[in-house]
Amino acid sequence: MRPNRTIQFALLSLIITLATLSQVASDTHESSVPGIEVLDGFDAEVVSEGLWAPFGLALDADNSILVGSNCEMCPALRLSHDGLLTGASNWIVDPDGVAVDSSGTVLVAGDQTVTLMNSFASGVDQTLADGFSNLNDIVVGNGGAIFVYDSNGEIWQISSAGDVGSAPFAITASGGGISHDPLTGGLLVTTGPPSDLVLAISPGGTATEIAAMPAFSNPADAAQGGGGHFGDSIYVTLLNTGEIVTVDRESGDSSLFARGFSTPARLVFEGEHGVLVSDLTAGRIIRIFPVVTESIQAQIDIRPSCINPKGHGSLPVVIFGSPDLDVGAIDFAFLDLEGFSVKARPRSGGLMVHFEFVNDDDLLDAFAQFDDNSQWTGTGDTATLTGMLLDETPIEGTDSICIVPHRVKPSSQSIGRSASR
């Protein structure tokens, strides 16, 4: 039986002093979890704590959280979305990896065996395959194929009937984490020191290097971003530095996403809503999620309201100040009106914006000239203005319009018409 890696990881974290990481600089801030910093636009929360060496992570069909443990004899756990314990398996030798197949059956990768669990409630386990050496992780790939990854860097494929391939599906420098690659149908794999690599393995078993992580950072897991605010970068946990980085699949460049973990091990995305991280020696599961800022609703008046998208001139728009909107704080360079941007002055290059009191509420309003030489993207009888303040708070406003054909002048009735406010 292998030595307890929890102790090994803790010792490595204490004795290894790493040089400054060669990553693209990122803007991070202290999250709601003390000590954890995350990229601007995100926050973090503790989902569950007081766990014994949480390691493997997976989600079942109900979005419950399955947790493997890096200890000699431990159960695999089933937690609710909020981190409440809802079930546990029988005691398993070193149940590092957890996965779920298409039928909802939970698979647990122990030290030398893969165990099937049809139900946490029943406590009935079934050995699917055994005879392995120090399994690190398990994943269900395309077509229901099961892959396990051992500490020797060998990846084995197992059929649903428990048949193990006669030879490794792929071999890496050393074992780490393994996940399904939704872009290729293959696998994303990390290797531990001294190679410290992130690899993509094709459905045919060919390994391609995506990125080399800093020496002895010990990349423990890699997963494709869940879309939305997370984008499509690959997210990588660095066990020995307590960080999560994003890696560009094409260039291999990495950027800091979060730091301050004790030993971040596995991660799993909850779609675009969040990413769960097992913090091994801290005994907790952390969720990092995007902070969605509500847009400030701006009142606007497009003058004239009947417009010619190919007028090759300027389209005046009033943005009214309000108790919620200080027009002086608008970043006018980022305003967009259905494809039109604020027009630049011919000589100075400054934006054609001025401020005046348009209505009688004693709040300053902005008058912006939009360049209608761009491609109009609007449809229908409304036009929407989008943009943000200087602090990146989004703003949005809509006005009623009509579109007139090219070479037809707007009617006199449409000129200067105020939008209903």
Side-chain angles (χ1 to χ4, degrees), residues 54-61 63-70 76 78 92 94-117 128-129 132-165 168-172 174-192 197-208 210 219-226 234-237 264-271 275-278:
F55 200 69
L57 286 176
L59 296 174
D60 67 12
N63 283 325
S64 293
I65 306 165
L66 305 175
V67 185
S69 301
N70 176 239
R78 185 177 187 270
I92 298 173
D94 210 0
D96 277 353
V98 286
V100 182
D101 68 14
S102 59
S103 69
T105 300
V106 178
L107 301 97
V108 181
D111 186 31
Q112 299 178 11
T113 63
V114 175
T115 301
L116 293 177
M117 296 183 54
L128 176 66
F132 299 101
S133 174
N134 299 338
L135 292 181
N136 280 346
D137 207 357
I138 185 170
V139 69
V140 178
N142 274 0
I146 302 165
F147 297 92
V148 291
Y149 193 18
D150 65 29
S151 59
N152 299 319
E154 295 177 325
I155 298 174
W156 297 88
Q157 184 171 350
I158 309 172
S159 72
S160 58
D163 299 321
V164 182
F169 175 77
I171 300 176
T172 71
S174 60
I178 185 172
S179 68
H180 174 60
D181 185 353
L183 294 187
T184 67
L187 304 170
L188 292 174
V189 171
T190 59
T191 69
L197 299 175
V198 179
L199 306 173
I201 298 182
S202 70
T206 302
T208 303
I210 294 177
D221 199 14
Q224 179 72 34
I234 296 171
Y235 287 69
V236 182
T237 54
R266 302 291 190 245
L267 50 81
V268 62
F269 278 92
E270 301 172 298
V275 58
L276 297 169
V277 183
S278 59

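In terms of heavy atoms, Ala222 sits closest to Val236 at CB-CG2, 4.1 Å. Nearest heavy atom pair, residue Ala99 against residue Val140, reads CB-CG2, 4.2 Å. Here the closest non-hydrogen pair linking Ala76 and Val108 is CB-CG2, 4.1 Å. Annotation for Asp137 and Ile178: closest pair OD2-N, 3.0 Å, computed over non-hydrogen atoms. Closest non-hydrogen pair, Ala170 versus Ile201, comes out as CB-CD1, 3.9 Å. Closest heavy-atom contact between Pro54 and Val67: CB-CG1, 3.8 Å.
Between the side chain of Thr237 and the main chain of Arg266, no donor-acceptor pair closer than 3.5 Å is present. Without hydrogens or angle criteria, Asp221 side chain to Leu267 main chain gives a donor-acceptor distance under 3.5 Å. No side-chain donor-acceptor contact under 3.5 Å links Ser278 to the backbone of Gly56. No donor-acceptor pair closer than 3.5 Å links the side chain of Thr113 to the backbone N or O of Thr115.
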Which donor-acceptor pairs under 3.5 Å do the side chains of residues 183-190 make with protein atoms, sequence neighbours left out?
residue: Thr184; atom: OG1; partner: Asp181; partner atom: OD2; Å: 3.1
residue: Thr184; atom: OG1; partner: Gly186; partner atom: N; Å: 3.1
residue: Thr190; atom: OG1; partner: Gly177; partner atom: N; Å: 2.9
residue: Thr190; atom: OG1; partner: Pro219; partner atom: O; Å: 3.1
residue: Thr190; atom: OG1; partner: Ala220; partner atom: O; Å: 3.3

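Every residue two or more places apart in sequence or in another chain that forms a side-chain hydrogen bond (donor to acceptor under 3.5 Å, both in side chains) with Asp60 is listed here: Arg78. Asn152 pairs by the side-chain hydrogen bond (donor to acceptor under 3.5 Å, both in side chains) definition with nothing, not counting sequence neighbours.
Between Ile158 and Ile138 the shortest side-chain heavy-atom distance does not fall below 4.5 Å. Looking at heavy atoms from C-beta onward, Leu199 lies out of side-chain contact with Ile210 at the 4.5 angstrom threshold. Two residues are said to be in side-chain contact when any heavy atoms from C-beta on lie closer than 4.5 Å; Asp94 and Gln112 fail this criterion. Taking 4.5 Å as the limit, every side-chain heavy atom of Val139 sits out of range of all side-chain heavy atoms of Tyr149. Side-chain contact check for Trp156 versus Pro168: some heavy-atom pair is nearer than 4.5 Å. Taking the side chain as every heavy atom from C-beta outward, Tyr235 and Val277 never approach each other to under 4.5 Å.
Side-chain contact annotation: Asp96 with Asn70, donor-acceptor N/O pair under 3.5 Å present.
Separation of atoms CE (Met117) and CD1 (Ile92) is listed at 6.5 Å; rounding is to 0.5 Å. With rounding to the nearest 0.5 Å, the separation of CZ in Phe147 from CZ in Phe169 is 4.5 Å. A distance of 12.0 Å separates OG of Ser179 from CG of Leu57, quoted to the nearest 0.5 Å. In this structure, CG in Asn136 is found 10.0 Å from CG in Asp111, a value given to the nearest 0.5 Å. Distance check, rounded to the nearest 0.5 Å: OG1 of Thr172 to CG of Leu197 gives 8.5 Å. Rounding to the nearest 0.5 angstrom, the gap separating the OG1 atom in Thr105 from the CG atom in Leu116 is 6.5 Å.
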Walk me through it: do Leu107 and Asp101 pass the test side-chain contact (heavy atoms from CB on, under 4.5 Å)? CA-CA 8 Å; Leu107 301 97; Asp101 68 14; 4.0 Å; yes

